[in-house]
Every structure is written in C-alpha cells, then in structure tokens.
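Single-structure report; data block below.
On a predicted model such as this, the values are computed, not experimentally measured, just so you know. Sequence lines set the chain letters: A, B, ... in the order given, protein chains first and strands last, and positions in each chain run from 1.
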Number of protein chains: 2
Amino acid sequence: MDKCTQARMEAQAVIFKALAHPSRLFIVNELARRERCVCELTELIGADKSTVSKHLSLLKQAGIILDEKRGNMVFYALQTPCVLDFVTCVEKMIETRIKQMAALRK
Amino acid sequence: MDKCTQARMEAQAVIFKALAHPSRLFIVNELARRERCVCELTELIGADKSTVSKHLSLLKQAGIILDEKRGNMVFYALQTPCVLDFVTCVEKMIETRIKQMAALRK
DNA sequence: TGGCTATTTGGCATTATAGCCAACCATCTG
DNA sequence: CAGATGGTTGGCTATAATGCCAAATAGCCA
C-alpha cells in the first residue's frame, strides 16, 4: 500500500473509529432528531458526564458533530447529516445477516 | 438507553469497528474491484500474513466479506457491496473537512 | 464576590486491539 | 509419503480505548 493510499485509509478510519462505539452511535441517532445539550445526552445514555463529554469530543474531532455554547450549556448537533445514510445502510446489513443466520438454522 | 436500543447500537458498532482500521478499509476497497486471495492482499498490504488473516476473519465475522476456498487458496469477496456507499460518503466528509480547515486558515 | 450548574480535563485502572512469531492444518505436487 | 505452498490459530507484548473519579474551568445569578 503506497503512502498516499495509506494516508487516505487512515483518514477514513478516523470516521469509522469515531462511530465504532454504541454510545457514540446513540448520540448520532439522537442528534439526527434534534440538537441536544451534554446534560440531556448524559441522562439518556446513563454514563458519567465526563465519559459522555469525551465521546462528544471524539465525534467533534472526527468532524461528525459540532458544538455551540449558549449560556453555560453546550449544544451539539450533526455536522454531516450524511452519516445517517450509512447508519441506515448498516441497519440493513444487520437485518440481512440476521435473516441469513435464520435461514442457515433451518 | 433501553436494552433494545443498546443491543441495536452494539450490533451497528460491530460493523463500524470492523471498518475502523486502515488495512481493513484497504481490503474493502480492493475487494470492491474484484475478489482476492489472502496472499495477494498480504502482498498489497505489506504485513504479516497472520495479521492479514486476522483482519479478514474480523471482516467476515462482521458480515462484510465472505470467503471461498479453491484449491489451497482462500478467496475473499465483498458480501455487502453497500459498504461502498458509505466509504464514498466518508470520502466526501473528509474532503469537506479539509476544505473547511483550509477556509479557516485564511 | 460566592455559590451554583454545566462542561471539560487529567489521571488512573481496566480492557480491547494490533501485529509479530511460531506452530499448526490443509492442499497440491513430485 | 515428503516437501512445498497458502492460511489459520495461539500466544505474547505493545499500544490504544474506555470509563470512572476528582479537579479545573466557564457562565449564571443572588
């Protein structure tokens, strides 16, 4: 693999890594509905707020979400709504796999 | 987050985790062109064959690729070509981000 | 200013991932 | 069957990711 390809693959991997966690996928799903502050997401996820904050920071760094401070709260929203397309695609993949597995058991 | 949602997020995360590695993304890209045996992929990636074999095994478990043994070689191919859709999408996201960063520097 | 709330950061322990080597298994060929 | 080739698996070490707590920061309001 040449250096250029390597760099491209690494850049892509950053996005996938950012999405490769249940809580972060949940955040993306929630933000798809509407923006949310950290406290709401923390409540929904049920983890420590520092943990949620770090998840958000990671998603932000990957360019998937953006933040906006209003008062003493920080609101997060989707930056690139096209991520939803592949969340949808992944859902389909999972369904297909479940069906395949069911078919194999017969 | 309720149990059902948690389970769905975890299932999705499996797919993203599988793609969250430069070599595995490279493999997906290569297999998008045509099927490949392990030896070819090993050659292209330039890692130990055991390493490549493990990457392939992970992608297979995630349902992204499938394998077929022919003679003493094993050929891998994409199982769910729709992954390409989001690889394309990710490419776009990266370009957008690069442009944004460039704009910010002005 | 002082206290309160919302969020981020640092630090640390736990766990998961990556990648190499060596050993093993399967298949082909002489 | 022996040897060669292609792949997988086990084991190990190094590195990265996760998640909690505690401490720090920022903005509100009295």
Side-chain angles (χ1 to χ4, degrees), chain A residues 1 5-7 9-28 30-31 34-77 79, chain B residues 1 6-7 9-28 30-31 34-62 64-77 79:
Chain A
M1 184 164 27
T5 307
Q6 175 74 26
M9 294 302 113
E10 275 168 17
Q12 287 184 19
V14 168
I15 311 281
F16 287 111
K17 268 189 203 142
L19 295 169
H21 189 287
S23 298
R24 293 197 292 268
L25 282 170
F26 178 77
I27 289 169
V28 169
E30 274 310 304
L31 298 186
R34 60 183 152 100
E35 62 167 27
R36 295 280 202 178
C37 66
V38 181
C39 55
E40 285 175 308
L41 292 169
T42 300
E43 175 80 27
L44 289 164
I45 291 169
D48 193 86
K49 55 190 171 172
S50 70
T51 301
V52 174
S53 179
K54 279 176 188 174
H55 283 313
L56 289 166
S57 154
L58 210 157
L59 285 166
K60 184 183 160 190
Q61 270 207 271
I64 296 169
I65 63 177
L66 37 79
D67 60 339
E68 190 188 327
K69 186 151 196 167
R70 290 208 286 279
N72 62 349
M73 287 157 102
V74 179
F75 289 86
Y76 282 89
Q79 169 153 51
Chain B
M1 183 163 29
Q6 175 74 27
M9 294 302 113
E10 274 167 18
Q12 287 184 20
V14 169
I15 311 282
F16 287 110
K17 269 190 204 140
L19 295 169
H21 189 286
S23 297
R24 293 196 292 267
L25 283 171
F26 177 77
I27 289 170
V28 169
E30 275 309 304
L31 299 187
R34 60 184 153 99
E35 63 166 27
R36 295 281 203 177
C37 66
V38 181
C39 55
E40 284 175 308
L41 292 169
T42 300
E43 175 80 27
L44 289 165
I45 291 169
D48 192 87
K49 59 185 172 175
S50 69
T51 302
V52 174
S53 178
K54 280 175 186 173
H55 283 313
L56 289 165
S57 155
L58 210 158
L59 285 167
K60 184 184 161 189
Q61 270 207 271
I64 295 168
I65 62 176
L66 38 78
D67 60 339
E68 190 188 325
K69 186 150 194 167
R70 292 209 285 279
N72 63 349
M73 288 156 104
V74 178
F75 289 86
Y76 282 90
Q79 170 154 50

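- Distance, B:Ile45 CD1 to D:dG7 P: 12 Å, rounded to whole Å.
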How would you summarise protein contacts on nucleotides 25-30 of chain D per nucleotide, using B for base, S for sugar-phosphate only and - for none, with heavy-atom distances below 4.0 Å? -SBS--
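- Distance CG (A:Leu59) to P (C:dT8): 12 Å, rounded to an integer number of Å.
- Applying the side-chain contact (heavy atoms from CB on, under 4.5 Å) test to A:Glu30 and every residue at least two apart in sequence or in another chain returns A:Phe26, A:Arg33, A:Arg36, A:Leu41, A:Leu44.
- Taking atom CZ of residue B:Phe16 and atom C1' of nucleotide D:dA17, one finds them 18 Å apart after rounding to whole Å.
- Looking at residues two or more places apart in sequence or on another chain, you find a side chain to side chain donor-acceptor pair (under 3.5 Å) between A:Thr5 and A:Asp2.
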Give the table of side-chain donor-acceptor pairs shorter than 3.5 Å for residues 49-56 of chain B, with sequence neighbours excluded, one pair per line with atom names and distance.
residue: B:Ser50; atom: OG; partner: B:Asp48; partner atom: OD2; Å: 2.7
residue: B:His55; atom: ND1; partner: B:Arg24; partner atom: NH1; Å: 3.0

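- When the side-chain nitrogen and oxygen atoms of B:Tyr76 are compared with OP1 and OP2 of D:dT8, one or more of them lie within a distance under 4.0 Å.
- For A:Glu68, the side chain to side chain donor-acceptor pair (under 3.5 Å) partners at least two apart in sequence or on another chain are A:Arg70.
- Looking at heavy atoms from C-beta onward, B:Ile45 lies in side-chain contact with B:Ile27 at the 4.5 angstrom threshold.
- Summary for the helix from C:dT1-D:dA30 to C:dG30-D:dC1: the axes at its two ends, each from 5 pairs, differ by 20° when rounded to the nearest 10 degrees.
- The separation between B:Asp67 atom CG and D:dT9 atom C1' is 15 Å, rounded to whole Å.
- If you measure from atom CE of B:Met73 to atom P of D:dA4, you get 19 Å, rounded to the nearest angstrom.
- Considering CG of A:Leu59 and CD1 of A:Ile65, their distance stands at 4.5 Å, rounded to 0.5 Å.
- Legend: residues meeting side-chain contact (heavy atoms from CB on, under 4.5 Å) with B:Gln6, ordered by chain and number and at least two apart, are A:Pro22, B:Met1, B:Glu10.
- Taking atom CZ of B:Arg36 as the reference point, atom P of D:dG6 lies 15 Å away to the nearest angstrom.
- Checked by atom type and distance alone, the side chain of A:Gln61 never pairs as donor or acceptor with a backbone atom of A:Leu58 at under 3.5 Å.
- The side-chain contact (heavy atoms from CB on, under 4.5 Å) search around B:Val74 returns B:Val38, B:Asp67, B:Lys69, B:Tyr76, not counting sequence neighbours.
- Straight-line distance from the CG atom of B:Leu56 to the P atom of D:dT9: 11 Å, rounded to whole Å.
- Taking the side-chain contact (heavy atoms from CB on, under 4.5 Å) definition, one finds that A:Ala77 meets it with A:Glu35, A:Leu66, sequence neighbours left out.
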Name the pairs: protein N/O against N/O of nucleotides 18-24 of chain D, kept only if under 3.5 Å.
residue: D:dT18; atom: OP1; partner: A:Arg24; partner atom: NH2; Å: 3.3
residue: D:dT18; atom: OP2; partner: A:Arg24; partner atom: NH1; Å: 3.1
residue: D:dT18; atom: OP2; partner: A:Arg24; partner atom: NH2; Å: 3.4
residue: D:dG19; atom: OP2; partner: A:His21; partner atom: NE2; Å: 3.2
residue: D:dG19; atom: OP2; partner: A:His55; partner atom: NE2; Å: 2.9
residue: D:dC20; atom: OP2; partner: A:Asp48; partner atom: N; Å: 3.2
residue: D:dC20; atom: OP2; partner: A:Thr51; partner atom: OG1; Å: 3.1
residue: D:dC20; atom: N4; partner: A:Lys54; partner atom: NZ; Å: 3.0
residue: D:dC21; atom: N4; partner: A:Ser50; partner atom: OG; Å: 2.8

Please report, to 0.1 Å, the donor-acceptor pairs under 3.5 Å made by any side chain of residues 12-21 of chain B, with sequence neighbours excluded.
residue: B:Gln12; atom: NE2; partner: A:Glu91; partner atom: OE2; Å: 2.6
residue: B:His21; atom: ND1; partner: B:Ser23; partner atom: N; Å: 3.0

